[in-house]
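Convention: sequence-line order gives letters A, B, ...; per-chain numbering from 1. Below, each value reflects all heavy atoms present in this structure, side chains not excepted, and no hydrogens, waters or symmetry copies.
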2 protein chains.
Amino acid sequence: MTDHAERPLRADARRNRARVLRTAAEVFATEGLSVPVHEIARRAEVGTGTVSRHFPTKEDLFAAVLLDRMRTLADYADALTAEQEPGNAFLGLFTKLVHEGAAHRGLAEALTGAGFDIEAAAAAAGCDVSGRLRDMLTNAQQAGAIRPEITYADLKALMAGCLAYEGDDLDRVINVVRRGLQ
Amino acid sequence: MTDHAERPLRADARRNRARVLRTAAEVFATEGLSVPVHEIARRAEVGTGTVSRHFPTKEDLFAAVLLDRMRTLADYADALTAEQEPGNAFLGLFTKLVHEGAAHRGLAEALTGAGFDIEAAAAAAGCDVSGRLRDMLTNAQQAGAIRPEITYADLKALMAGCLAYEGDDLDRVINVVRRGLQ
DNA sequence: AGTGAAGCGGGACGACCATCCCGATTGTAG
DNA sequence: CTACAATCGGGATGGTCGTCCCGCTTCACT
């Protein structure tokens, strides 16, 4: 899917691409996915054509925004797996993902099913956070730290629930779920 | 807000209104809120003008659909309060609400924040299901059946989570939450 | 049956938005 | 410094959808 043998972008193009990406990340995070592409272009101080050349569709743009974050989260997951026992590693990633989603409205919307196929985008980039969460769940269950009947689909729903919370003590909601999982 | 001193509708108008309402209930339940009003009119075999005369905006239409269901749920809540101890009554209503939402996609979407102000619509009709849930939470907490730090906002989020579940054993997810609340 | 108003159908209108296109501009190789 | 190709800007295009309007039909009261 990605361009192969891509010749290097001209300097101004590279600059504009980065500027669009940075603006889109901010805007998606604070205002969600429904922001028009025109608006992102306006705030990035480029034409709409510039946006749509670098990112042919809105979904492409969002996927690109997601990529950085996914990479970071995948590293975080690996660190947890290495340093903690299975139960804590799993719960730690779960908590991290929820906090991450709470700080990024677009990510939360994508997770709660509003259109974009977030898993495909992440997996395509080799940053399979979902897969890691799935594995960590299995390990935590084998270690007896998490109830055995819980499935990955359950987790997704429970994450969506925490993300739907609008208040000032997200951890209280997370703790309800953590208790329920154990 | 509602029309006062309304003179009775003509027989055909009443028939059409009911037909639109019934169709809208089905369509919203199975396909969600994004179905165009034109499509509802088409399936109800009326013109779009007929729909928009009875229900000036799409939100009005959805609110009317919700009303029946809300009334039923309010009665259910009252019955639970009368017949069960506070903890079971509360958990029973919570479970009922989630199952209800799972069977009605439009309701679930409205609860998870997609636009419509569901609480205002229900409260205006004197069917304050939310208020009942809130009261039952307080009672259950005073009876020691539910953790005291839980708030109504937490509940809404956790309900949204259960509604986000797509699978065949919703009760497994509900049970995670129930355990976490106790 | 007759008549006036209530109600009907569905096309028109306007708002919004993603995507595409093209003439003007700018970077860069030679 | 020149020339050309890459890139830019932002208006044009096409599609979707909610709401409104108006000429025609149907009801219901006398």
Side-chain angles (χ1 to χ4, degrees), chain A residues 1 3-24 27-28 31-66 105-106 109-110 114-117 121, chain B residues 1 3-24 27-28 31-66 105-106 109-110 114-117 121:
Chain A
M1 296 306 165
D3 291 345
H4 296 284
E6 12 188 270
R7 93 187 84 71
L9 287 175
R10 226 168 64 177
D12 57 341
R14 196 165 43 244
R15 217 170 23 240
N16 277 327
R17 187 181 200 282
R19 183 205 286 271
V20 169
L21 211 42
R22 186 156 26 87
T23 306
V27 173
F28 281 146
E31 309 187 26
L33 297 178
S34 67
V35 179
V37 174
H38 281 79
E39 177 62 18
I40 292 175
R42 197 184 63 74
R43 296 204 204 176
E45 294 172 356
V46 300
T48 63
T50 302
V51 175
S52 77
R53 192 165 343 94
H54 287 298
F55 310 99
T57 72
K58 191 176 185 175
E59 185 156 4
D60 290 333
L61 176 56
F62 182 59
V65 165
L66 233 48
R105 206 173 139 186
E109 285 175 19
F116 294 94
D117 187 349
Chain B
M1 296 304 166
D3 291 344
H4 296 284
E6 12 188 87
R7 91 189 87 70
L9 286 175
R10 230 168 63 178
D12 56 342
R14 195 164 46 243
R15 225 177 7 250
N16 277 325
R17 187 181 199 281
R19 183 206 286 272
V20 168
L21 211 43
R22 185 157 25 88
T23 306
V27 173
F28 282 146
E31 309 186 27
L33 297 178
S34 67
V35 179
V37 173
H38 282 80
E39 176 62 17
I40 292 174
R42 199 186 61 77
R43 297 205 204 177
E45 295 172 357
V46 299
T48 61
T50 301
V51 174
S52 77
R53 193 165 343 93
H54 288 297
F55 309 99
T57 72
K58 191 176 187 176
E59 186 157 3
D60 290 333
L61 176 56
F62 181 61
V65 165
L66 232 50
R105 207 173 137 186
E109 286 175 18
F116 294 94
D117 187 350

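- The distance from atom CG of A:L33 to atom P of C:dC17 is 14 Å, rounded to the nearest whole Å.
- Rounded to whole angstrom, the span from the CG atom of B:L9 across to the P atom of D:dT26 amounts to 19 Å.
- Residue B:E59 contributes atom CD, which lies 16 Å from atom C1' of D:dC17 at whole-angstrom precision.
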Give each protein N/O atom lying under 3.5 Å from an N/O atom of nucleotides 12-16 of chain C, with the pair distance.
none

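- Checking B:S34 against B:S52, the closest nucleotide of DNA chain D that is more toward the 5' end is the one next to B:S34.
- Listed by residue number, the members of residues 12-21 of chain B with any heavy atom below 4.0 angstrom from DNA chain D are B:D12.
- Under 4.0 angstrom from either OP1 or OP2 of C:dC8 there lies at least one side-chain N or O belonging to B:R53.
- Here the closest heavy-atom approach between residue B:I40 and residue B:T23 is recorded as O-CG2, 3.9 Å.
- Distance alone, capped at 3.5 Å, is enough to place a donor-acceptor pair between the B:E109 side chain and the B:L33 backbone.
- In this structure, the CZ atom of B:F55 is 13 Å from the P atom of C:dG7, given to the nearest Å.
- Across all strands, B:A11 comes closer than 4.0 Å only to sugar-phosphate atoms, never to a base (heavy-atom distances).
- The 5' end of DNA chain C is approached more closely, in terms of each residue's nearest nucleotide, by B:R10 than by the other of B:G49 and B:R10.
- Contact between the side-chain N/O atoms of A:H54 and the OP1/OP2 oxygens of D:dT7 is not found at any separation under 4.0 Å.
- Rounded to whole Å, atom C1' of D:dG9 lies 13 Å from atom CD of A:E45.
- Atom pair B:E39:CD and D:dG18:P shows a separation of 11 Å (rounding to whole Å applied).
- Considering only heavy atoms from C-beta on, B:V51 stays 4.5 Å or farther from B:N16 through its side chain.
- At a threshold of 4.5 Å between non-hydrogen side-chain atoms, the residues B:F28 and B:L66 do not count as touching.
- The CZ atom of B:R19 sits 14.5 Å away from atom CZ of B:R14, with the distance rounded to the nearest 0.5 Å.
- Atom CZ of A:F28 and atom C1' of C:dA18 are 12 Å apart (whole Å).
- Residue A:F62 comes nearest to A:G106 through the heavy atom pair CZ-O, 3.7 Å, listed as atom of the first residue, atom of the second, then distance.
- Between A:T50 and the phosphate of D:dG9, there is a side-chain N or O to OP1/OP2 separation shorter than 4.0 Å.
- With a 4.5 Å cut-off on side-chain heavy atoms, B:V37 and B:F55 do not count as touching.
- Heavy atoms only, all atoms of each residue included: B:L9 and B:R17 are closest at CD1-CD, 4.0 Å.
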Name the atoms and distances for all side-chain donor-acceptor pairs under 3.5 Å in residues 41-50 of chain B, with sequence neighbours left out.
{"unit_1": "B:R42", "atom_1": "NE", "unit_2": "B:E39", "atom_2": "OE1", "d": "3.2"}
{"unit_1": "B:R42", "atom_1": "NH2", "unit_2": "B:E39", "atom_2": "OE2", "d": "2.9"}
{"unit_1": "B:R43", "atom_1": "NE", "unit_2": "B:E39", "atom_2": "OE2", "d": "2.8"}
{"unit_1": "B:R43", "atom_1": "NH1", "unit_2": "B:E31", "atom_2": "OE2", "d": "3.0"}
{"unit_1": "B:R43", "atom_1": "NH2", "unit_2": "B:E31", "atom_2": "OE1", "d": "3.3"}
{"unit_1": "B:R43", "atom_1": "NH2", "unit_2": "B:E31", "atom_2": "OE2", "d": "2.9"}
{"unit_1": "B:R43", "atom_1": "NH2", "unit_2": "B:E39", "atom_2": "OE2", "d": "3.4"}

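- Taking atom CD1 of A:I40 as the reference point, atom P of D:dG9 lies 15 Å away to the nearest angstrom.
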